[in-house]
Amino acid sequence: MRIDHARLFALIKKETLQIIRDPSSIAIAIGLPVVLLFIFGYGVSLDAKHVPVGVVADNPGAETADFVSGLRQSEYFEPIGFGSMAEAQEALMKGDVNSVIWMKSDFGRKIRGNGASIGVFVNGVDANTARLIEGYLTGVWGQWLKRRAVMSFGTDAGQGAVLESRIWFNPDVRSRNYLVPGLIAVIMTLTGALLTAMVVAREWERGTMEALMSTPVTIGEILAGKVIPYFVLGMGGMGLSVVMAVYLFNVPFHGSYIVLFIASSLYLLAALGMGLLISTFARSQFVAGQVAIIATYLPAFILSGFIFDIRSMPLPIRILTHVIPARYFVSILQTVFSAGDVYPVILSNTMALIVIASFFMGIVAIKSKKRLR
Amino acid sequence: MFGRVLALVIKEFLALLRDKQGRFVLIGPPVIQLIVFGYAATFDLKDVPYVVYDEDRSLASRELLARFSGSKAFEKVADVLDEGSIGPMIDNEKALLAIHIERNFERDLIQGRHAAVQVIIDGRNSNTAMLSLNYVNEIVERFNEDLSRRYGIRGAPARLDIRAWFNPNLESRWFIVPGIVGLLTLVVTLIVTALSIAREREAGTFDQLLVTPLSPFEILLGKIIPGMIIGLLEASFIIIVTVYWFGIPLRGSILALYLGLALFILSAIGVGLMISSFAVTQQQGLLGAFLFLVPAVTLSGFATPIANMPVIVQRLTLINPFRYFLVVAREVFLEGAGAGLLVNQYWPMAVIGAVSLSTAAWMFRRRMY
């Protein structure tokens, strides 16, 4: 493929003018990242805080009040007292509380004999939140036990093994810290694949593609003329997203910008490759848009590890995720943001991105040549 | 009037099902999404890779570790012999967590001293980190309980006795899949209706419709009925797959579910027609539908709870019909609710439907004069 610089420059200029003049391209490349980051950054969180819990103490006393005060001190719970179990159950059914804690009438007596039990009923419909509530509650309970032990024995030792946990990279366990970086991959998929597929399809629909082909430009120049302007546009959206993530959502960034730049460029090339590939067979904007959403946007959303952890998926789906380029990019993003430049992770994922990007670009080059004949 | 509307409905179906593309949009994406979502969208952990650094190598430490290797949630990837090897394993994502049992663990345990089990967790995905920490906690709790029973060590004065209602094994699939019923119904209904008027405008047939004796109300009805039929059929198909393929229990009244479904589809049609009446081309219609769908799905409680959102965003979700239907679907499927408990979900959907349909009708009329 020979590339003539003057002709390529002319094509890039034409494409750039089109981008600037058509508000919908700017909307997808710049507007969409901002809107999506706002919606997700503020709207999507898996951290349950101030969860309303019903508390029923059949025989209120110092012991039960002590436990409830432990709940009240935790930022995770908002205890609400109920007079009877029946009332609390009704509130649980109505969804006014997420769980009910029940201390039976013999709680105060049995606690001295080490045989008291605290009944907890969690609404399990939202299984993830239910599990988190269980965990927070176990934490509150453990703290309360420690406090009691220190008060009555002067030490908290001797209650069996004590768990000391440390959470690396994200000590506040803020879900935003991994959701926002992952979202960048989703946004770049939209600009890279959806925008490119639609733009090329538009040239076919309007008949300007045939006009281009009748000129002396080579297919390599046409492809480069598409890739370069949208690459610049996509990287602009990327830069904007990173700035918003770091300065607006306060997501810590521990890696280096050069690593982020290289990985993003590779992913953007892969996404552009997918978009161009879609446009080689989808010649109408409607079909191109539909296919791009189903083949690139949804997988980037669901199968990339952005929200749903890949490790939790069944084996066939886990294997399937290996052909989704977003998977590798999400892994790099989450590592670069929260852990820093961990080269084994970055190198293996970057290699995968190089393979996928060159695969898509190669197919596009071959397919496009055939179309010309 | 009935005959005229019927003719319009038939014409609408022919327009939708005639070409391959139209049929594909109705059948292809929903089936793919149902399968992928149903299997991939889960927060449940299994086979969490972990490394062990056991300095004690005693009976007690081995017993505690045996509980981890016996659990389905965990999968041991390595034993390491020094603390320095733990860091790289976690950094490189070879292991999600590390369990470190210090020397003299057994001795401290029996003598009632501070017997620590250190756990280091990769927090890159904070949700996974919290969940696996909970699992670890559970295992250590149970270990302590058995220990105190066996050796008469002073146990905890009170135990937590946790039971989950409606979803005893806390499977997140039970939470996600009933939501997919609403998600796919919303997507299909919206795309069908959002493109319907724009397509007629592009083809110029909308002007032809306007010069027929059909009243705007009849035109609207002719657009609502096909959307309703397609939405109900699509939803019924997904409900059948949900119950018979994914094995999600349907405990409540089917009538309550379908009442919610009908109101939900009506509101989705209203939004779709509203978008359509503003759009001049199909592309604008598609873009409008997409711009409505993304926030509507994200801010509905479909994957992440509304209660976790900031208060302002929570208020914003009140105009989102999907939010109400999700409650209906989950309460009917899992909590066995009847129509009586769901009135507060029904009426907002009815209001949203009425407002959006009136807007669409008003736009029709405005374009006509």
Side-chain angles (χ1 to χ4, degrees), chain A residues 39 42-48 111 114 116-132 134-135 138 141 145 157-170 173-175 178 285-287 289 294 302-303 307-309 312-314 317 334 338-339 342 344-345, chain B residues 29 36 39-45 91-93 112-131 133-134 137 140 144 147 154-167 170-172 175 282-283 286 295 298-299 304-305 308-310 313 330 334:
Chain A
I39 293 173
Y42 285 117
V44 175
S45 163
L46 290 164
D47 315 328
I111 201 165
N114 285 354
S117 101
I118 302 169
V120 179
F121 303 92
V122 184
N123 184 335
V125 172
D126 180 353
N128 193 55
T129 304
R131 280 232 178 77
L132 292 176
E134 279 188 13
T138 314
W141 170 73
L145 286 182
Q159 303 206 336
V162 180
L163 193 65
E164 288 173 355
S165 57
R166 264 178 298 162
I167 295 181
W168 279 8
F169 311 129
N170 187 358
V173 265
R174 242 178 28 136
S175 57
Y178 78 96
Q285 293 186 65
F286 178 74
V287 180
I294 292 165
I302 305 159
L303 298 175
I307 287 190
F308 302 106
D309 201 320
S312 310
M313 297 174 188
I317 306 248
Q334 291 181 348
S338 12
V342 180
V345 175
Chain B
V36 173
Y39 282 107
T42 171
F43 290 115
D44 308 339
L45 294 184
D91 282 351
N92 302 342
E93 296 181 323
R113 275 189 242 153
H114 188 82
V117 181
Q118 284 177 2
V119 172
I120 297 165
I121 301 180
D122 177 353
R124 262 169 277 193
N125 182 326
S126 66
N127 196 56
T128 305
M130 279 308 286
L131 291 181
L133 180 61
N134 289 354
N137 239 323
V140 174
N144 284 343
L147 206 72
R154 171 164 51 84
R159 280 179 303 111
L160 276 185
D161 188 8
I162 301 180
R163 228 164 299 164
W165 277 6
F166 312 125
N167 183 359
L170 291 182
E171 285 180 54
S172 48
F175 176 67
Q282 287 193 64
Q283 201 196 334
L286 197 68
T298 315
L299 305 178
T304 60
N308 296 358
M309 297 169 191
V313 181
R330 283 170 183 152
L334 302 179

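Predicted model only: the values in this text are computed from it and were never measured. The basis for the numbers below is simple: all heavy atoms, side chains too, and nothing from hydrogens, waters or symmetry mates.
The residues R330(B) and D126(A) are annotated as not salt-bridged, no charged nitrogen and carboxylate oxygen being separated by less than 4.0 angstrom.
For the set S172(B), A164(B), A40(B), the count of heavy-atom pairs under 4.5 angstrom toward chain A peaks at A40(B). Across L133(B), T42(B), T128(B), the residue that shares the most heavy-atom pairs under 4.5 angstrom with chain A is T42(B). Of the listed residues (N128(A), T129(A), I307(A)), the one with the most heavy-atom contacts under 4.5 Å to chain B is N128(A). Annotation: maximal heavy-atom pairing with chain A below 4.5 Å, among V36(B), D91(B), V313(B), occurs at D91(B). Most heavy-atom pairs under 4.5 Å with chain A, from the set R163(B), R124(B), E93(B): that is R124(B). Interface summary for chain A: among T298(B), V140(B), L299(B), the most heavy-atom pairs under 4.5 angstrom belong to T298(B). Between chain B and the options V125(A), I302(A), L303(A), L132(A), the largest number of non-hydrogen pairs under 4.5 Å is found for V125(A).
The backbone N or O of N125(B) sits nowhere less than 3.5 Å from a side-chain atom of D309(A) that would complete a donor-acceptor pair.
Residue contact with chain A, scored on non-hydrogen atoms closer than 4.5 Å, involves the backbone and the side chain of I120(B) alike. Heavy atoms closer than 4.5 Å to chain A are found in both the backbone and the side chain of Q118(B). L45(B) touches chain A through backbone and side chain together, each having a heavy atom under 4.5 Å away.
Taking both residues in full, the closest heavy atoms of G123(B) and F169(A) are given as N-CD1, 4.0 Å, listed atom of the first, atom of the second, then distance. The two atoms that bring Y42(A) and P310(B) nearest to each other are O-CD, 2.9 Å, heavy atoms only.
Defined by atom type and a distance below 3.5 Å, a donor-acceptor pair is missing between the side-chain atoms of T138(A) and N137(B).
By the 4.5 Å heavy-atom criterion applied to side chains, S175(A) and N127(B) are not counted as neighbours. Between D44(B) and S312(A) there is no side-chain heavy-atom pair separated by less than 4.5 Å.
R131(A) contributes atom CZ, which lies 5.0 Å from atom CG of L170(B) (distance to the nearest 0.5 angstrom).
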